[in-house]
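Computed from a predicted structure; not experimentally measured. Protein chains get the first letters and strands the later ones, always in sequence-line order, with residue 1 at the start of each.
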Protein chains: 2
Amino acid sequence: MHTQTAASLEINRRPSSSISSRQPHAEGPFGMTGTPMRFARNSEIYGEDEAAGYLYQVVSGAVRTYKILEDGRRQIGAFYLPGDIFGFEASETHIASAEAVCETRVIMVKRAALMVRATHEKDLARQLWDATAQELRRSQEHLMLLIRSAEDRVVGFLHDMARRAVKTATAIELPMSRQDIADYLGLTIETVSRTFTQLEQNGIISLPTSRRVELRNRAMQNRLMAA
Amino acid sequence: MHTQTAASLEINRRPSSSISSRQPHAEGPFGMTGTPMRFARNSEIYGEDEAAGYLYQVVSGAVRTYKILEDGRRQIGAFYLPGDIFGFEASETHIASAEAVCETRVIMVKRAALMVRATHEKDLARQLWDATAQELRRSQEHLMLLIRSAEDRVVGFLHDMARRAVKTATAIELPMSRQDIADYLGLTIETVSRTFTQLEQNGIISLPTSRRVELRNRAMQNRLMAA
DNA sequence: CGGCATATTGATGTCTATCAAATGGCGTGG
DNA sequence: CCACGCCATTTGATAGACATCAATATGCCG
């Protein structure tokens with residue numbers, strides 16, 4: 001049920017060396033100047049209970065936030081894709097950890113600087129509030145998925161990805177592993193895998209590779225084309 | 001699985017007559033002047049997709065927010081108890097419906113008035129943001145419950161109630177039915193009932209009545225006493 | 001080619017849902 | 001005050017979905 005061996009966790013624990021390519025300035029979220037950063041696959045962006053010093057925007061790649069339960073299981077709270085802003089599950093300290101799902105570039109903006117500007121720029125204050133409210137809605141959508149059947153959860157996840165993820169004309173490219181999907185949906189990796197297979201057998205999707213999903217269903221194709 | 005018969009829904013649909021005891025002014029959340037209102041058991045406070053005109057604070061009683069799934073099941077998103085502020089699952093429109101769990105008094109404040117004041121009172125803007133962030137954390141806690149076993153979910157729910165609910169020296173008074181609890185935890189009423197029985201048989205709780213829960217476990221008693 | 005991580009498939013067990021019935025609590029009217 | 005009816009809750013029997021344990025397959029990189 002739990003996700004990673006001690007060994008792989010250790011590997012993940014040397015993220016500092018993976019940070020590179022710092023340039024002092026770049027356009028960040030909320031029109032702020034931010035710091036571009038690179039994170040290697042599985043490296044930590046921030047840890048649970050750390051002081052929340054920054055807000056982040058994904059430039060390329062993908063990010064997962066997660067918490068580890070007492071029994072060792074990992075619950076992924078969200079995936080963030082290019083353009084998404086994250087780091088909002090926080091007021092003073094983060095309530096989840098964040099890691100790069102794959103090679104990822106983000107822009108970081110100092111939270112304190114935003115707060116200062118927000119005190120006299122009412123528009124910015126409103127944007128920050130809205131972003132948090134949107135995150136709340138996203139969390140509630142996620143919660144609604146978790147009470148449904150395995151098939152519904154996987155289909156719901158694919159719908160979401162079809163709307164948000166990097167995609168070609170015919171397929172979605174999933175940046176995350178089956179284990180990541182399982183930990184997001186509260187299922188085991190075996191159940192996720194079996195559900196993918198079953199969706200393929202039912203002609204709802206096809207799987208040219210395990211990370212590439214073509215949606216054969218009209219409703220899903222519409223989602224794929226929209227936005 | 002679903003919760004209410006058509007008949008009982010109809011009964012719930014005459015809430016207007018249940019509103020009474022309107023006084024023009026009372027101290028509301030965020031130091032605002034608000035309108036006190038009474039709602040009868042099971043009456044609607046607002047509906048999903050309604051314009052979000054107000055924020056609310058519970059004075060007495062209890063409120064549930066919920067969404068109905070396509071298959072007819074009801075998912076309760078949160079319970080709000082005296083002192084709690086709700087109505088934040090919204091930017092323009094509500095994303096859930098709200099109902100009184102039992103005879104309930106709330107104070108309503110106009111969202112628009114708050115927004116106006118928030119533009120020049122930076123402290124108020126910050127309070128609104130914080131309240132939304134807290135709601136986000138609450139939602140994430142709820143989400144973490146839903147991936148656990150039935151027993152863990154019920155225990156987690158009781159922990160939360162022990163911290164928040166009206167309580168005597170020795171017991172918690174639950175304002176909500178087993179069905180409400182089931183719909184909050186993503187379980188059936190039968191499983192919730194069996195889990196209560198089993199917790200009692202294991203000496204973890206005792207149930208003088210179905211709505212009154214005494215915590216026999218030290219960790220839970222500590223929660224009961226704290227806060 | 002070999003080694004390792006990821007993914008799939010198979011066999012079996014457990015937990016919770018479902019269907020069904022019995023019990024308990026409480027207000028109303030006789 | 002008691003009997004009845006209604007609703008909430010509990011209990012029982014069974015089925016189904018997903019987890020678990022185990023093995024095999026696939027892909028990737030050195």
Gap between atoms [atom1] and [atom2], on [X] and [N] respectively (whole Å):
X	N	atom1	atom2	result
L146(B)	dT16(C)	CG	P	13 Å
D152(B)	dC15(C)	CG	P	12 Å
L187(A)	dT20(D)	CG	P	11 Å
R212(B)	dG25(C)	CZ	C1'	15 Å
I147(A)	dC15(C)	CD1	P	22 Å

Task: Atom pair CD (Q75(B)) and NZ (K67(B)), whose distance is rounded to the nearest 0.5 Å - done: 10.0 Å
Do [X] and [Y] come close enough that some side-chain heavy atom pair is under 4.5 Å?
X	Y	result
I95(A)	L136(B)	no
E135(B)	F86(B)	no
E151(B)	Q198(B)	yes

- [ ] Would you name the heavy atoms of A62(A) and L81(A) that are closest together and state the gap between them?
- [x] CB-CD2, 3.9 Å
Quick one: does [X]'s side chain have a donor or acceptor within less than 3.5 Å of a partner on [Y]'s backbone?
X	Y	result
R153(B)	L185(B)	yes
D71(B)	R73(B)	yes
T197(A)	T195(A)	no

Open item on the list: Base contacts versus sugar-phosphate-only contacts with protein, heavy atoms under 4.0 Å: please encode nucleotides 6-12 of chain C as B, S and - from 5' to 3'.
Closed with: SSBBBB-
Any protein N or O atoms within reach of nucleotides 14-17 of chain D? Criterion: under 3.5 Å, listing atom names and distances.
none

